[in-house]
K.L.:
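Dropping a structure here in structure tokens format, bear with me for questions.
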Amino acid sequence: MLVKKCVGSVGELIEGPMWYRKRNSLFFTDIVSGTIFEYIPKKEKLQSWKLGAYAGCVIPGCHPGEIIAAVDNCLKMLVPETGTIKTLCPFPMPDGIRFNDGKCGPGGHLWVGTMEMDGMRENAHVQEDIRPQGGLYRVSPDGETDCVEPFLAIPNGMAWDLDKGIFYHVRTEEQSVYAYSYNKDRHQIRRPVKALDLSQEQGVPDGMTMDRDGNLWIAMWGGYKVICINPVSGAKMGEVVLPDANVSCCTFGGEQLDRLYITSARDAQGGGNVFEAETGAAGTEPYEFCWNGEEII
């Protein structure tokens, strides 16, 4: 399997890759520097914008040329062509908490996780007296925010299988992927069940994407790889081996959406890179966040 580095050592916690077809480019974040990057493969060009202290995720907006980012305690809109940055709406972020992974779901709602800035406390997901303070949130197109799953330590990768009516969500602290029943008309999730137990894999699951066949591609933090698993059968379909330990996220991109872009975080040995892999699989375009509220300048 051919793997090449396309962006080298640009930040500490490189995350949330998102292919933006309108510009044929890859957007991603450095969470801990509050920076959004754009990589244009055809030009081998990289540019960036600092939007705050922490930037959890980046998603496409439904208006031409707009990118939406979850930054600090709000959602921001970026127009890469002009560099224009605007604040769309506030987010009820408690002290000591930051955004983590997030994606837009069907129907234009943003689904985003939050976690404590100092990471996961030992056994925080099993001991009642030290419940984690992170959670999974849904933000509607008018800015209304609901916590749909509280008390999560490190909520991470997301994917929707609309044919089966399933929402998949990574709980890194449990080394698992959960499957929820998903109501696409009400944008609701319920009846979570543990679909995949990844405790026997090297590393822990982090970011995730789905290919056109319904297989999950899961970045393994500390595992030097991305694994591909059929979430129904549990069968491991393959893996992409990487030189970096802390593989953080992945997404399909390129003109045919047949290139797997993979991000990593920096450690003492290196990292903070973006890789491109030919896997033989292809993905789908990300859903757009259909903001319709009033902007806060």
K.L.:
Within the distance-only criterion (no hydrogens, no angle test), does the side chain of N100 pair as donor or acceptor with the backbone N or O of T114 below 3.5 angstrom?
P.N.:
no
K.L.:
How many angstroms lie between NZ in K43 and CG in N24, if you round to the nearest 0.5 Å?
P.N.:
10.5 Å
K.L.:
Quick check: closest heavy atoms across S25 and E38, and the distance to 0.1 Å?
P.N.:
OG-OE2, 2.7 Å
K.L.:
Can you tell me how far apart CD (E239) and CD1 (I229) are? Round to the nearest 0.5 Å.
P.N.:
10.0 Å
K.L.:
Tell me, do P243 and F275 make a side-chain contact under 4.5 Å, heavy atoms counted?
P.N.:
yes
K.L.:
Does M93 share a hydrophobic cluster with V139, counting links as ILVMFWY side-chain heavy atoms below 4.5 Å and allowing steps through other members?
P.N.:
yes
K.L.:
Report yes or no: does R138 contribute a side-chain atom to a donor-acceptor pair with the main-chain N or O of H187 at less than 3.5 Å?
P.N.:
yes
K.L.:
Would you mind reporting whether K42 and E255 have side-chain heavy atoms less than 4.5 Å apart?
P.N.:
yes
K.L.:
Would you sort out whether M18 and I67 count as a side-chain contact (heavy atoms from CB on, under 4.5 Å), showing the intermediate values?
P.N.:
CA-CA 10 Å; M18 181 274 293; I67 300 298; 4.0 Å; yes
K.L.:
Measuring from atom NE2 of H169 to atom OG of S176, what distance do you get when rounded to the nearest 0.5 angstrom?
P.N.:
12.0 Å
K.L.:
Can you give me the closest heavy-atom contact between S264 and S248, atom names plus distance?
P.N.:
N-OG, 3.6 Å
K.L.:
Could you tell me whether K22 and E81 make a salt bridge, using a distance below 4.0 angstrom between a side-chain N and a carboxylate O?
P.N.:
no
K.L.:
Report whether M158 and L162 are members of the same hydrophobic cluster (ILVMFWY, side-chain heavy atoms less than 4.5 Å apart, transitive linking).
P.N.:
yes
K.L.:
Provide the closest heavy-atom pair for L196 versus G234 in the form atom of the first, atom of the second, distance.
P.N.:
CD2-CA, 4.0 Å
K.L.:
Within a radius of less than 6.0 Å around NZ of K236, do more than 12 heavy atoms belonging to other residues, nucleotides or ligands occur?
P.N.:
yes
K.L.:
What's the spacing between S9 OG and D244 CG if we round to 0.5 Å?
P.N.:
9.0 Å
K.L.:
Within the structure provided, determine whether E173 and L152 are in side-chain contact (heavy-atom separation under 4.5 Å).
P.N.:
yes
K.L.:
Within a strict 4.5 Å, meaning less than it, do heavy atoms of the Y178 and Y180 side chains meet?
P.N.:
yes
K.L.:
Any side-chain heavy atom of V247 sitting closer than 4.5 Å to one from M220?
P.N.:
no
K.L.:
Per the side chain to side chain contact (heavy atoms under 4.5 Å, CB included) rule, which among Q133, M115, M117 passes with I97?
P.N.:
Q133
K.L.:
Using 30° and 60° as the class limits, which term best fits the ring planes of W217 and F252: parallel, tilted or perpendicular?
P.N.:
perpendicular
K.L.:
List the atom of G135, the atom of P155, and the distance in Å for their closest heavy-atom pair.
P.N.:
O-CG, 3.5 Å
K.L.:
Would you call the rings of W19 and Y261 parallel, tilted or perpendicular if under 30° counts as parallel and over 60° as perpendicular?
P.N.:
parallel
K.L.:
Would a single hydrophobic cluster contain both M77 and V112, if residues Ile, Leu, Val, Met, Phe, Trp and Tyr are joined by side-chain heavy-atom contacts under 4.5 Å?
P.N.:
yes
K.L.:
Determine, using the 4.5 Å side-chain heavy-atom cutoff (strictly less than), whether W160 and L216 are members of one ILVMFWY cluster.
P.N.:
no
K.L.:
Nearest 0.5 Å, what's the CD1-CD distance between I262 and E276?
P.N.:
9.5 Å
K.L.:
Tell me, with the steps shown, if F28 and V274 meet side-chain contact (heavy atoms from CB on, under 4.5 Å).
P.N.:
CA-CA 9 Å; F28 56 93; V274 181; 3.8 Å; yes
K.L.:
What are the two closest non-hydrogen atoms of P231 and G214, and how far apart are they?
P.N.:
CD-O, 3.3 Å
K.L.:
Are the side chain of D142 and the backbone N or O of E144 linked by a donor-acceptor pair below 3.5 Å?
P.N.:
yes
K.L.:
Could you grab the distance from atom CD1 of I14 to atom CG of N273, nearest 0.5 Å is fine?
P.N.:
8.5 Å
K.L.:
When clusters are formed by joining ILVMFWY residues with side-chain heavy atoms under 4.5 Å apart, either directly or through shared neighbours, do L198 and Y168 land in the same one?
P.N.:
yes
K.L.:
Do the non-hydrogen side-chain atoms of K103 and T209 ever get within less than 4.5 Å of each other?
P.N.:
yes
K.L.:
Where do L260 and D211 land on the side-chain contact (heavy atoms from CB on, under 4.5 Å) test, with the steps shown first?
P.N.:
CA-CA 10 Å; L260 187 68; D211 65 26; over 6 Å; no
K.L.:
Is any side-chain heavy atom of F91 less than 4.5 Å from a side-chain heavy atom of L75?
P.N.:
no
K.L.:
Over all heavy atoms of both residues, which pair between P192 and R171 is shortest? Give the atoms and the distance, please.
P.N.:
CB-NH2, 4.3 Å
K.L.:
Should the pair Y182 and F167 be assigned to parallel (<30°), tilted (30 to 60°) or perpendicular (>60°) ring geometry?
P.N.:
tilted
K.L.:
Look at the side chain of K76 and the backbone N and O of V71, then say whether any donor-acceptor pair between them is shorter than 3.5 Å.
P.N.:
no
K.L.:
Side-chain contact test, heavy atoms from C-beta onward, threshold under 4.5 Å: evaluate it for D30 versus E12 and give yes or no.
P.N.:
yes
K.L.:
Could you give me the CA-CA distance, side-chain angles and deciding distance for R190 and N183, then say whether side-chain contact (heavy atoms from CB on, under 4.5 Å) is met?
P.N.:
CA-CA 9 Å; R190 57 195 181 105; N183 186 312; 5.8 Å; no
